Amino acid sequence: ETAIREKRVAYKHPNLYKLQSKQERKFFLHPRVQLVWIEKAAELGIQPLVVGLLLQFRVVLRGTASVTLPKDFLTKFWISRGIKQRALKTLEEAGLVSVVQEQGCSPVSTVLKV
């Protein structure tokens, strides 16, 4: 058997820079976080925005679309249980997240694509 060797060649197309700059505008802080999602969360107020950013942080960190926001994590940011519940409800009503609440458990939030 003969191994196939790959050789990378520099590619300089005149429109490549324009294409790259358009792709960079689609995300905010991380490729999995949509800028339009952050913009819509910001329109809802400061508390939904902060909870939304923390939710996005946990999603990126865990590598899954559904996460919880534990009390010990939120207390570092001065977010109470009531603020979290109101913010998640607001984000859900705006179509940015889906929340599943089981009695006695922390709500599981899923970040939705916009």
Side-chain angles (χ1 to χ4, degrees):
E1 281 180 43
T2 305
I4 298 174
R5 294 181 187 227
E6 181 179 321
K7 182 177 180 181
R8 294 187 180 234
V9 179
Y11 180 70
K12 294 182 182 181
H13 190 277
N15 294 329
L16 188 60
Y17 179 75
K18 290 178 188 175
L19 179 64
Q20 184 179 4
S21 64
K22 284 181 184 178
Q23 287 177 340
E24 288 172 356
R25 284 187 231 138
K26 291 182 184 177
F27 64 87
F28 176 76
L29 301 178
H30 190 274
R32 290 185 61 188
V33 180
Q34 296 176 299
L35 180 59
V36 67
W37 195 100
I38 300 299
E39 290 170 349
K40 288 187 181 228
E43 292 171 2
L44 303 173
I46 191 69
Q47 292 175 344
L49 174 62
V50 171
V51 171
L53 286 171
L54 294 173
L55 191 61
Q56 290 281 8
F57 173 77
R58 299 259 307 168
V59 164
V60 169
L61 193 65
R62 301 270 181 203
T64 178
S66 299
V67 295
T68 60
L69 292 172
K71 181 181 175 181
D72 61 334
F73 174 69
L74 292 177
T75 54
K76 295 176 188 176
F77 302 97
W78 299 90
I79 303 289
S80 69
R81 182 173 163 242
I83 291 172
K84 175 179 88 168
Q85 288 174 334
R86 287 189 298 276
L88 286 177
K89 183 178 180 186
T90 303
L91 291 167
E92 187 174 33
E93 289 172 352
L96 297 175
V97 298
S98 145
V99 181
V100 176
Q101 174 70 56
E102 291 183 26
Q103 192 164 351
C105 298
S106 187
V108 177
S109 305
T110 304
V111 174
L112 303 174
K113 297 281 184 195
V114 180

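This is a predicted model, so every value here is computed, not measured. All values below come from the heavy atoms of this structure, side chains included, with hydrogens, waters and symmetry mates left out. This chain uses plain numbering: 1 for the first residue, then up along the sequence.
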Side-chain atoms of residues 36-55: list all donor-acceptor pairs with protein atoms under 3.5 Å, sequence neighbours left out, distances to 0.1 Å.
from	atom 1	to	atom 2	distance (Å)
Trp37	NE1	Leu96	O	3.0
Trp37	NE1	Leu112	O	3.4

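A pairwise comparison of heavy atoms in Arg32 and Ala65 identifies NH2-N, 4.2 Å as the closest pair. Looking at every heavy atom in both residues, Leu69 comes nearest to Arg58 through CD2-CG, 3.9 Å.
For Phe57, the ring-ring contact (aromatic ring centres under 6.0 Å, His included) test picks out no residue, with sequence neighbours left out. Scored by the side chain to side chain contact (heavy atoms under 4.5 Å, CB included) test, Gln101 finds Pro107 as partners (sequence neighbours excluded).
Connection of Val100 to Val59 is not established within any shared hydrophobic cluster, with ILVMFWY side chains joined at heavy-atom distances below 4.5 Å, either directly or through further cluster members. Neither Val67 nor Val108 shares a network with the other; the hydrophobic side chains, linked directly or stepwise wherever heavy atoms of I, L, V, M, F, W or Y lie under 4.5 Å apart, form separate groups for each.
Residue pairs satisfying the side chain to side chain donor-acceptor pair (under 3.5 Å) criterion with at least one member in residues 64-78, sequence neighbours excluded, are listed as follows: Ser66-Thr110.
Ser109 places none of its side-chain heavy atoms less than 4.5 Å from the side chain of Lys84.
Distance check, rounded to the nearest 0.5 Å: CG of Leu74 to CD1 of Ile83 gives 9.5 Å.
Side-chain atoms of Gln56 do not come within 3.5 Å of backbone N or O of Val33 as any donor-acceptor pair.
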